[in-house]
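Quick notes on the structure that follows.
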Amino acid sequence: MSTRKRYWLMKSEPTDFSIDDLARVGTEPWTGVRNYQARNFMRQMQIGDGVLFYHSNTDVPGIYGIGEVAATAYPDPTQFQKKSKYFDEKATREQPRWDLVDVRFVRKLARGIPLDEIRGHADALGEEFALIRKGSRLSVMPVTAAQWKRLLSLE
DNA sequence: GCCAACGTTGGC
DNA sequence: GCCAACGTTGGC
């Protein structure tokens with residue numbers, strides 16, 4: 001396993017958990033991911049990996065801040081909590097289904113980078129970039145070093 | 001609030 | 001293993 005720093009993008013609905021919330025709490029367990037592809041990406045994350053914090057389902061969806069991976073993947077406790085909206089009756093402590101990572105606040109962007117602006121750079125970012133791929137709803141995705149640099153140059 | 005796109009579930 | 005039904009995501 002390489003120890004080179006990698007990059008990711010993680011979506012959150014700001015009414016649920018925003019970059020300001022992350023700034024306030026410092027570090028947050030990324031609960032609630034219930035998609036296997038997204039989960040598998042989290043399992044690949046290493047401490048110190050860069051995270052683009054994306055606001056979805058909001059007036060101006062886009063990238064609003066930067067975080068970093070503070071703890072590698074471990075079972076998401078909400079899958080065991082009956083009262084949680086993330087409860088999964090098929091998950092057991094012996095065989096958990098869902099993992100999460102801890103994300104630590106790094107900084108807010110000087111200005112948000114709106115999705116429609118990101119779309120304008122599709123050529124440079126690549127058609128395969130899940131964020132701008134038609135119909136893609138993936139909430140955790142890898143970002144290449146080149147994409148990371150390109151996106152932050154729009155700040 | 002609408003709805004297209006997608007993922008999951010469950011009957012067969 | 002197929003696929004219709006259903007639930008969710010997330011832009012608009």
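Per chain, numbering begins at 1; letters A, B, ... match sequence-line order. All values below come from the heavy atoms of this structure, side chains included, with hydrogens, waters and symmetry mates left out.
Rounded to a whole Å, the CG atom of A/N35 is 13 Å from the C1' atom of B/dA5. In this structure, A/R97 places its CZ atom 13 Å from C1' of B/dG7, rounding to the nearest Å. If you measure from atom OH of A/Y86 to atom C1' of C/dT8, you get 12 Å, rounded to the nearest angstrom. Atom-to-atom, CG of A/D16 to P of C/dT9 comes out at 10 Å; the value is rounded to the nearest Å. Rounded to whole angstrom, the span from the CG atom of A/N40 across to the P atom of B/dG7 amounts to 13 Å. Whole-Å rounding puts the A/M10 CE to C/dT9 P distance at 15 Å. Between the C1' atom of B/dG7 and the CH2 atom of A/W98 lies a distance of 10 Å, rounded to the nearest Å. One interatomic measurement links the two molecules: CZ of A/R133 to P of C/dT9, which rounds to 18 Å at whole-angstrom precision.
Between A/G135 and A/K90, the one whose closest nucleotide on DNA chain B sits nearer the 5' end is A/G135.
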Check residues 50-59 of chain A and write down every donor-acceptor pair under 3.5 Å in which the side-chain atom is one partner and the other belongs to a residue at least two apart or another chain.
from, atom 1, to, atom 2, distance (Å)
A/H55, NE2, A/I19, N, 3.1
A/N57, ND2, A/E13, OE2, 3.3

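Not one N or O on the side chain of A/R119 forms a donor-acceptor pair closer than 3.5 Å with the backbone of A/P114.
Looking at residues two or more places apart in sequence or on another chain, you find a ring-ring contact (aromatic ring centres under 6.0 Å, His included) between A/Y7 and A/W148. Considering only residues two or more places apart in sequence or on other chains, A/Y74 meets the ring-ring contact (aromatic ring centres under 6.0 Å, His included) condition with none of them.
For residues 140-152 of chain A, no pair satisfies salt bridge (Lys or Arg N to Asp or Glu O under 4.0 Å), with sequence neighbours left out. The stretch residues 124-140 of chain A participates, sequence neighbours left out, in no side-chain hydrogen bond (donor to acceptor under 3.5 Å, both in side chains) pair at all.
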Show each protein N/O and nucleotides 10-12 of chain C N/O combination with a separation under 3.5 Å, one pair to a line.
from, atom 1, to, atom 2, distance (Å)
C/dG10, OP1, A/K11, NZ, 3.4
C/dG10, OP1, A/R137, O, 2.6
C/dG10, N7, A/N57, ND2, 3.2
C/dG11, OP1, A/Y54, OH, 2.7
C/dG11, OP2, A/N57, N, 3.0
C/dC12, OP1, A/R119, NH1, 3.4

